[in-house]
Amino acid sequence: MAVITLLTDFGLDDEFVGVMKGVILTVNPQACIVDITHGIAPQDRLAAASSLRSAYRYFPSGTVHVVVVDPGVGSSRAIVAVQLQEHFFVAPDNGVLTLVLEDYSVDTIVRVTNDRYFLNAVSRTFHGRDIMAPVAGHISRGVDLSCLGPETTADALVSLPFERSRYQAGESVIGRVVQIDRFGNLITNIEAEKLVRLTDVGRGDHFGIRLGRHRIPGLSDSYADVPTGSPLAIVGSKGYLEIAVNCGRADRFFEAHIGDAVRVEA
Amino acid sequence: MAVITLLTDFGLDDEFVGVMKGVILTVNPQACIVDITHGIAPQDRLAAASSLRSAYRYFPSGTVHVVVVDPGVGSSRAIVAVQLQEHFFVAPDNGVLTLVLEDYSVDTIVRVTNDRYFLNAVSRTFHGRDIMAPVAGHISRGVDLSCLGPETTADALVSLPFERSRYQAGESVIGRVVQIDRFGNLITNIEAEKLVRLTDVGRGDHFGIRLGRHRIPGLSDSYADVPTGSPLAIVGSKGYLEIAVNCGRADRFFEAHIGDAVRVEA
Amino acid sequence: MAVITLLTDFGLDDEFVGVMKGVILTVNPQACIVDITHGIAPQDRLAAASSLRSAYRYFPSGTVHVVVVDPGVGSSRAIVAVQLQEHFFVAPDNGVLTLVLEDYSVDTIVRVTNDRYFLNAVSRTFHGRDIMAPVAGHISRGVDLSCLGPETTADALVSLPFERSRYQAGESVIGRVVQIDRFGNLITNIEAEKLVRLTDVGRGDHFGIRLGRHRIPGLSDSYADVPTGSPLAIVGSKGYLEIAVNCGRADRFFEAHIGDAVRVEA
C-alpha cells in the first residue's frame, strides 16, 4: 500500500482535488491518498512550506508528498521530484520545499521533464492534474526518480526567506507570530530549544512572554493550567512556542495578527 | 480492511487531520480512514456527541471511531477506549461518548494509559496525534483493549447533560432545536416515537407544530409535499422531528436558533 | 479495488458524507471512496452537472459516480443508474447527469427500484444514505444494472437547459461566465474549439475578449505571461475560455458574476 499525500491551495468547493485523485488512482489503483490540507490561502507558498514541514514526518516511509501551490503554473518554472529520508516530494520549484530541505540532506533531486509520465494532454493551468498527480502515481509504483528527468541539486532550487527567531543580549528571544490555527492559537517561530536555554538562565519572576502590551508570566504545561478564558504560553505540538487562551481564542484576546512580534524574556 | 473514523473540531485548513492519518497509517498500513466530520465548532462536546451518535451505526462492525474534541488536552482528564456492539471508540473522557453509551450496554471500557501504544514523544497539546491516533491504529490491528490500561465502567465516565423532549399534559410534546444542518433544517430533540404516540391521540385539526409565533399544521411525508419556499415538519433521517422549508432555509424563514422551543400539539 | 466517487451539496460540517461512506463500506469493504466535492451550493443541479462532467473522465474505468444533489428527495422523482463508457453513475433523475449524457451514447440506464439493494429502513429525507450509497456499493461489487430496476432511456430523463455559447455574424462568439473557481477565475461556456476557429479567421489587432466595459487583447499561454495583478484570457484546464488575473482574483478585478456576458471578437 503506497501512501500519497496532497497539499494544495485548491480548497474543497471545486472538483480539482477529486480530479487529481482520479488521475492518481488511474496510474496506481493501490494508492492510499491522504489530504494534508487544501486550505492553504491561494498562492501562499510560505504557508504550504510550513504545513508540509509539520506534517510529512508523521507519514510512513515511502510516502509520496505532492504539493500544488503553484502560481507559476504554465510558465518556465520547473517541477521537481525529491527523495529525502525515505520520503518523496513532487512540487513546483517555487520554494514550497524550503523547510523540508533544511531538515536533512537530500538523497536525490530531479527536474521532472519526461512527459512519458504525464497525462497525454497537458494543460497550461493545471499541472497538478496533468503532471504532478500522474508522476506521483508512478513514483508510488516504484518508478525511479532518475527516469523522470535530469538530476539537479538542492542549491539550485528556489528558496523562500523564512525569518528565524533570534537571541537578543543573551537573555531574551525575539520572534513573530507565523501562523494562527483554527482555534485561534498563535504559533510563533520561537523554537522550544531556545526556550529551554532561556529557562536555564532564569525561570523566576523575570521569565515571561511579551506580545504587544501584554505579558504572560511563564510557560504552562497544558491549556487547562489556567482558568477558562485566560491566556497562556505553551510549547505547542509543532515544537514552537504558542500563545493560547484556555477554551478561547488568543487571536481575538490579543487582537493579534500574523507577523506580530513576540519577545521571551528570562 | 479495518475502518477507522475521525470526528474532530480541527477543521480542514490546518494539517492536524492529515497528520493523524499519517500516524494511523504508520501503525496500520491497511487502515481505511473515513472522516465523519471535522467541522464541529471548537470545544463543542455536545455537537460531537450528537454527530457520533447519528453516524457510528452506519459503519461496518469492527470499526474504530476516534473522537478528538478535547479542550482538556494535557490536563488530568483521561482518555478511554470502549467496545460496544462490535464498535470501538477512542476519545477523551469528557462526555463526547454520552449518547453512544446510552444506546447499548458496554462490553469493555478501559482508561488508556499504556504508553507503549503512544508515539514516542507525547506533546501536551495534541493527544489526537500522539495518543489517540496510534492507539486506534493498534486496536484496528487487533490489540485487545485490556492491553491499553485498567478497566473502568461507564458510570465512572463524564456524562453530558442532554435535555430530552417531554410530554406535557399528555397531549403535547415540548422540545428544542438542537442542531441546524447545512441546508438550514432545524433538527429537534423530539423523537419520532413520541410523534407517533401523539398522532395516535389525534391527527385532525388540532395536530400541529409550534415554533415561536409560527404554526405548522401536521407532518409532511417529503419536502416536496409543500410548495417551494413553504415550511413543513417532517421526521428526519436521524429519527427526530425536523422543521424545514422546501428548497429553502428554515433557519432564516423562522429566524430560528439552536435552543429555540418547539411544541407539538395533538 | 473499486472506486466510488461522491459529489453532493452536503458540505463537510454535518456527518452526512461520513455516513454515506460507512454505508458503502458496509456493502463493499474493498471500496476506495473519493470525494469529488461536497461544496455544491444547496440544490444547485447545474453546478453539480458541470462539476461531474469536469471530473468523471479522470477516474479509472469501472468507477461508480454517486451524485446527491437532490431537492426532490422523498417525492416521486426517480433514482437512476447509468452505464456509459465503462463509468457508472447513480443519481436522482433531476438533470444532474445532463452534461455527462451528452458526451457519449449510454450503454444502459435503469430506474432504481429494487429495494433489496437499499438499507432496510428508507427515510424520506436522505436517499443518499438509504438508497444511493448501498446501490453504488453493490454496483462496485459487480451487481448488474438490470438487477436494480426496469430499463429506461436517456430521452426519458429530466434534462437541464444549459446555455451554449454561439457564433455571431461569423466573426465573434457570445458566451457567459458559468462558474467562478476558488481562485476567482471566471470560467466561461466558450469552448476552446470555437476559439481556434475564430483565431483562424484573424489573430491580429482585432482579436480580443470583452467582459463588461473591459477588453482583453488576445489569449495568453500561461498566467505568468502577464504581470502580477494583470488580467488575461486563457484556455483553461476544462477546455473552456477562462478569464483570470495573474496571482489575483478576476472576479474582483472585473466585479464579475455568474451569468455575465463574454464576447470574443476576431
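Just the heavy atoms: all of them, side chains too, but no hydrogens, waters or symmetry mates, feed the values below. Just so it is clear, the structure is predicted and the values come from calculations on it, not from any experiment. In what follows, chains are A, B, ... by sequence order, proteins preceding strands, each numbered from 1.
No part of A/I33 comes within reach of chain C, as not one of its non-hydrogen atoms sits under 4.5 angstrom from that chain. For chain A, the nearby parts of C/I36 are the backbone and the side chain; heavy atoms of each come within less than 4.5 Å. C/L6 does not touch chain A: none of its heavy atoms, backbone or side chain, sits under 4.5 Å away.
For the options C/A55, C/G11, C/A224, heavy-atom pairs under 4.5 Å to chain A are most numerous at C/A55.
Here the closest non-hydrogen pair linking C/F183 and A/P42 is CD2-CB, 3.8 Å.
Residues meeting the ring pair (Phe, Tyr, Trp, His ring centres under 6.0 Å) test with A/F16, sequence neighbours left out: A/F10, A/F126. By the side chain to side chain contact (heavy atoms under 4.5 Å, CB included) test, C/A48 is found to be paired with C/I40, C/V67, C/V69, C/V96, residues two or more places apart in sequence or in another chain being considered.
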No hydrogens needed, just list the donor-acceptor pairs between chain C and chain A under 3.5 Å.
residue, atom, partner, partner atom, Å
C/T37, OG1, A/L12, O, 2.6
C/T37, OG1, A/D13, O, 3.3
C/S51, OG, A/E15, OE1, 3.4
C/Y58, O, A/V23, N, 3.2
C/Y58, O, A/T26, OG1, 3.2
C/Y58, OH, A/R129, NH1, 3.0
C/R182, N, A/D14, OD2, 2.8
C/R182, NH1, A/D9, O, 2.5
C/R182, NH1, A/I40, O, 2.8
C/D221, O, A/R124, NE, 3.3
C/S237, N, A/T125, OG1, 3.2
C/S237, O, A/R129, NH1, 2.9
C/S237, O, A/R129, NH2, 3.2
C/K238, NZ, A/E15, OE2, 2.2

